[in-house]
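Structure record follows, encoded as structure tokens.
All values derive from a computational prediction rather than experimental measurement. The chains referred to below are lettered A, B, ... by the order of the sequence lines, with proteins before strands, and numbering in each begins at 1. For the numbers below, each heavy atom of this structure counts, side chains included, while hydrogens, waters and symmetry mates do not.
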Protein chains: 2
Amino acid sequence: MAGVHPSTVSRVLRGKENIPIPEATRQRIKKAAKDLKYLPDERARALRLGKSHTIGLVVPDISNVFFAEIAKSIEIESYKAGYTLVVCDTNEEQEKEVHFVNNLISRGVDGLIIAPVQDSDGHIFDLKEKKYPFVLIDRCFEDMEANAIVSDNEDAAFKAVAYLARLGHKRVGFLSGRQNIYTIRKRLAGYKKAVEEYNLERNEALICGNGFTFESGYEATLEILSLPNPSTALLISGNIITLGAIKAILEKGLNIPDDISMIGFTDNIVSPYLVCPLTTISHPLREMGKKAFDLLIKHVESKDNLPFTEEIIKTQFHVRRSTDRVLSQVEAAW
Amino acid sequence: MAGVHPSTVSRVLRGKENIPIPEATRQRIKKAAKDLKYLPDERARALRLGKSHTIGLVVPDISNVFFAEIAKSIEIESYKAGYTLVVCDTNEEQEKEVHFVNNLISRGVDGLIIAPVQDSDGHIFDLKEKKYPFVLIDRCFEDMEANAIVSDNEDAAFKAVAYLARLGHKRVGFLSGRQNIYTIRKRLAGYKKAVEEYNLERNEALICGNGFTFESGYEATLEILSLPNPSTALLISGNIITLGAIKAILEKGLNIPDDISMIGFTDNIVSPYLVCPLTTISHPLREMGKKAFDLLIKHVESKDNLPFTEEIIKTQFHVRRSTDRVLSQVEAAW
DNA sequence: CCGTTTGAGGCAAACGATTGTAACAAGAGT
DNA sequence: ACTCTTGTTACAATCGTTTGCCTCAAACGG
């Protein structure tokens, strides 16, 4: 429409280049571009340039606020940095994760941020081998060197159980998520360490559950509540699980915190407004997202092989009514 | 590596085509592909084929469970149908929406599903003009013919207010979200209709708020509560707003439902477990997502110009304790 | 023994943008 | 008048696939 060669259009629209093009032509091209609502074909550009300005994010459940927050912060960072984010939801299915990782590579994303399902790690090793830039978030593989931004789950679990111990609790239950997952293993480790240190009841039956669903939280809580000696407090590994637990507790006609105290892993905007305002551990999700993005971009934009970075971020503890000190427990403590 | 021309590789790996290729060669190529962990370059394929098997989803806030649920269901459908979903979060910012829509088109997505910010609609008209397949979800433009899957907000609001009226409430407040948005306008219409029909108090001061944030819900509720005659019930347009409202109510030392009843637009997994189990209107989000996807794909895969489809889906009403009948109100009703 | 079919797979163009180089013209210098 | 700049813009190759067409050789028929 401007009567010039595509290469000239490219030079004008892309701006840079030292090749001088007279203002008259520039204007003609720009006008034509605007009139035609011309949008460059990013796939062609990516093909030619070997760079897509796109990064992929793979999470196990986007409908869980935990990952939705992470996704949101990464999205905001990418937008600011001129990258487009492609979010994929694996639904905690390993097969889907492999599919998405391959798919994202196929479409030429410049890098990946992954919160892996952790049923296997072959595809992650492949990434390392291909020297494809990636960052693990929230969950990492302990036997693999890689970029990772995680929170200090072990420390958080330890402190939470310690807090309960100091309130006088002797039997603390642990509602677990899927047990092969990094965060859960760490939390369990912290739990066990505190159980040792404070000499709480050691009983495998107090460790219950294997899944991040509402039902799994519900079932696991019922199991713990029907023990001969149910726990007087629960440490709960996930916000959806927490709701299942609440359902079980209410159904049993019990009261929080009078009959049972609760601490939830992962704080969110509703935590203060639940049936009983929930004491929680909050992960700095926005910060984690930003750090993961910055780290990824550093690797994407550097030509040389940067060393891997692994960062463990401290969590915060929010005390609310679900761990109010209860008379009978205080007595027991003395 | 297999010592054959790329075209032969393509024919073998793509399967189809009637050109016969001997089994020996086939195996050689497949083995090489596996050994090399060959992944086809989707951008090159998309460029050549004019089809990317990708669709774009543009939502105003992915960290809101409402949209996260929609995203999840569309993601599941796309996966099943062999499409990849690219999710973009506009953060309720018009500028970002325009950016994302253009960006998605640039990268050659086959179609778009959009829950628009609705501060403007020029870019949506552009899509129509270019005959680009798209489906609006949750929010549509009343003066524009387009594919849309929305829920019946007017009906839902009417029924909610009617329910409150029958409980004896005379002054019902409406906590609004951003008022230029389709859903909000429809809800407001339903609210006003019920106010007329049941002869409730007509007072613009009872309609309050303009935003989907926690703070906006908090502020608006404080305003209503500090009226000379505060409302005895609230209809609340969004789950984050609801939490802000609860904060305000609790801070004022009021009780739900004794001092004030509440009905929340949009149900979610926590609704039954809030300080006071919340009566809600639920939108069939999974169904909406699936319908939007199916409709989009129908348009994407049809060569001819299909007529636009607009579907309004009924909501459901969940009665919980936040609308328990309260003595003083019952008396007032008689 | 020669022409024709068939099997096997290579060639080349195309998708749209980018970029090093070439080409052409006008003007400057000698 | 002729070369040499310099300014302006076109050409062509490239990225990785796909696909219509072509080629080449072997096999086959008469």
Side-chain angles (χ1 to χ4, degrees), chain A residues 1-54 82-84 102-110 130 132 300 303, chain B residues 1-54 82-84 102-110 130 132 300 303:
Chain A
M1 175 164 165
V4 296
H5 194 268
S7 58
T8 311
V9 176
S10 172
R11 291 194 237 260
V12 168
L13 263 36
R14 234 30 72 204
K16 53 184 175 184
E17 290 236 24
N18 40 3
I19 298 188
I21 289 164
E23 201 50 32
T25 313
R26 298 194 105 86
Q27 291 311 324
R28 203 152 30 92
I29 291 174
K30 283 185 181 167
K31 181 166 185 323
K34 180 168 281 179
D35 289 353
L36 294 168
K37 296 186 180 159
Y38 166 80
L39 290 174
D41 186 315
E42 290 296 337
R43 11 189 239 271
R45 295 195 68 207
L47 192 57
R48 176 64 230 253
L49 298 174
K51 175 126 214 280
S52 63
H53 283 277
T54 303
Y83 280 80
T84 299
N102 286 337
N103 185 279
L104 288 167
I105 293 177
S106 270
R107 48 193 354 112
V109 298
D110 297 332
K130 288 184 205 158
Y132 214 98
V300 165
K303 303 120 212 44
Chain B
M1 176 162 162
V4 295
H5 194 267
S7 58
T8 310
V9 176
S10 173
R11 290 192 241 260
V12 168
L13 263 36
R14 235 31 72 204
K16 55 185 174 186
E17 290 236 23
N18 40 4
I19 297 190
I21 288 164
E23 201 48 35
T25 313
R26 299 193 107 84
Q27 291 311 326
R28 202 151 33 92
I29 291 174
K30 284 184 181 168
K31 181 165 184 321
K34 179 168 282 179
D35 289 352
L36 293 168
K37 297 188 177 156
Y38 167 81
L39 291 174
D41 187 314
E42 290 296 336
R43 6 188 244 271
R45 294 195 69 207
L47 192 58
R48 175 67 230 252
L49 298 174
K51 177 133 213 285
S52 64
H53 283 277
T54 303
Y83 280 80
T84 299
N102 287 338
N103 185 277
L104 288 167
I105 293 176
S106 270
R107 47 192 357 111
V109 298
D110 297 332
K130 291 184 203 159
Y132 214 99
V300 165
K303 303 119 210 46

Any donor-acceptor N/O pair under 3.5 Å between C:dG20 base and A:Arg11 side chain: yes
Residue A:Ile21, side-chain heavy atoms: nucleotide from D:dT9, D:dT19, C:dT18 that is nearest: D:dT9
Spacing between B:Glu23 atom CD and C:dA8 atom P, to the nearest angstrom: 11 Å
Closest contact, heavy atoms only, B:Leu47 versus A:Asp41: CD1-OD2, 4.0 Å
A:Thr25 side chain, from C-beta outward: closest of C:dA8, D:dG16, D:dT9: D:dT9
Listed partners of A:Lys130 passing side-chain hydrogen bond (donor to acceptor under 3.5 Å, both in side chains), at least two apart: none
Nucleotide D:dG16, atom C1' - distance to OH of B:Tyr38 in whole Å: 7 Å
Phosphate OP1/OP2 of C:dT18 contacted by A:Ser10 side-chain N/O (<4.0 Å): yes
Between the first and last five pairs of the helix from C:dC1-D:dG30 to C:dT30-D:dA1, the angle of the axes, rounded to 10 degrees: 80°
Atom-pair distance (CZ on B:Arg14; P on C:dG9), nearest Å: 18 Å
Pairwise distance CZ(B:Arg11) to OG1(B:Thr25) - rounded to 0.5 angstrom: 12.5 Å
Donor-acceptor pairs under 3.5 angstrom involving side-chain atoms of residues 1-9 of chain B: please list them, not counting sequence neighbours.
unit_1, atom_1, unit_2, atom_2, d
B:His5, ND1, B:Ser7, N, 3.1
B:His5, ND1, B:Ser7, OG, 2.8

Touch class at under 4.0 angstrom, heavy-atom based, for B:Gly108 against every strand present: nothing
Polar-atom pairs under 3.5 Å, protein N or O versus N or O of nucleotides 23-27 of chain C: list them with distances, or write none.
none

Between the protein and nucleotides 12-14 of chain D, are there any N/O to N/O pairs under 3.5 Å, and if so, what are the atom names and distances?
unit_1, atom_1, unit_2, atom_2, d
D:dT14, O2, A:Arg48, NE, 3.4
D:dT14, O2, A:Arg48, NH1, 3.3

By ring-ring contact (aromatic ring centres under 6.0 Å, His included) - contacts of A:Tyr132 (at least two apart): none
Between C1' of C:dG10 and CD1 of B:Ile29, the distance in whole Å: 12 Å
Nearest-0.5 Å distance that lies between atom OG1 in B:Thr84 and atom CG in A:Asn103: 3.5 Å
Sugar-phosphate, base or nothing in reach of B:Leu39, heavy atoms under 4.0 Å: sugar-phosphate
A:Lys31: salt bridge (Lys or Arg N to Asp or Glu O under 4.0 Å) partners, not counting sequence neighbours: A:Asp35
Residues that B:Ser52 engages under side-chain hydrogen bond (donor to acceptor under 3.5 Å, both in side chains), provided they are two or more places apart: B:Asp110
Separation of D:dG16 C1' from B:Lys51 NZ (nearest whole Å): 20 Å
Comparing A:Val9 and B:Leu47 on DNA chain C - which has the more 5′ nearest nucleotide: B:Leu47
Side-chain donor/acceptor contact of A:Arg43 with base of D:dG16 under 3.5 Å: no
Any residue meeting salt bridge (Lys or Arg N to Asp or Glu O under 4.0 Å) with B:Lys30, in chain and number order, not counting sequence neighbours: none
Length of the CZ-C1' vector between A:Arg107 and D:dG16, whole Å: 15 Å
Nearest-Å distance for atom pair CD/C1', residues A:Gln27 and D:dT9: 17 Å
Residues forming a side-chain hydrogen bond (donor to acceptor under 3.5 Å, both in side chains) with B:Thr54, sequence neighbours excluded: A:Arg107
A:Leu104 side, atom CG; B:Glu42 side, atom CD - distance, nearest 0.5 Å: 10.5 Å
Contact list (N/O, under 3.5 angstrom) for nucleotides 23-28 of chain D vs protein:
none

Side-chain donor or acceptor of B:Arg26 paired with backbone N/O of B:Val12 under 3.5 Å: no
Listed once per pair and sorted, the ring pair (Phe, Tyr, Trp, His ring centres under 6.0 Å) pairs that draw on residues 28-53 of chain A, sequence neighbours left out: A:His53-A:Tyr83
Donor-acceptor pair under 3.5 Å, B:Arg28 side chain vs C:dG9 base: no
Minimum-distance nucleotide (side-chain atoms of B:Leu49 versus C:dG16, D:dT19, D:dT17): D:dT19
Nearest-Å distance for atom pair CD/P, residues A:Glu42 and C:dA17: 9 Å
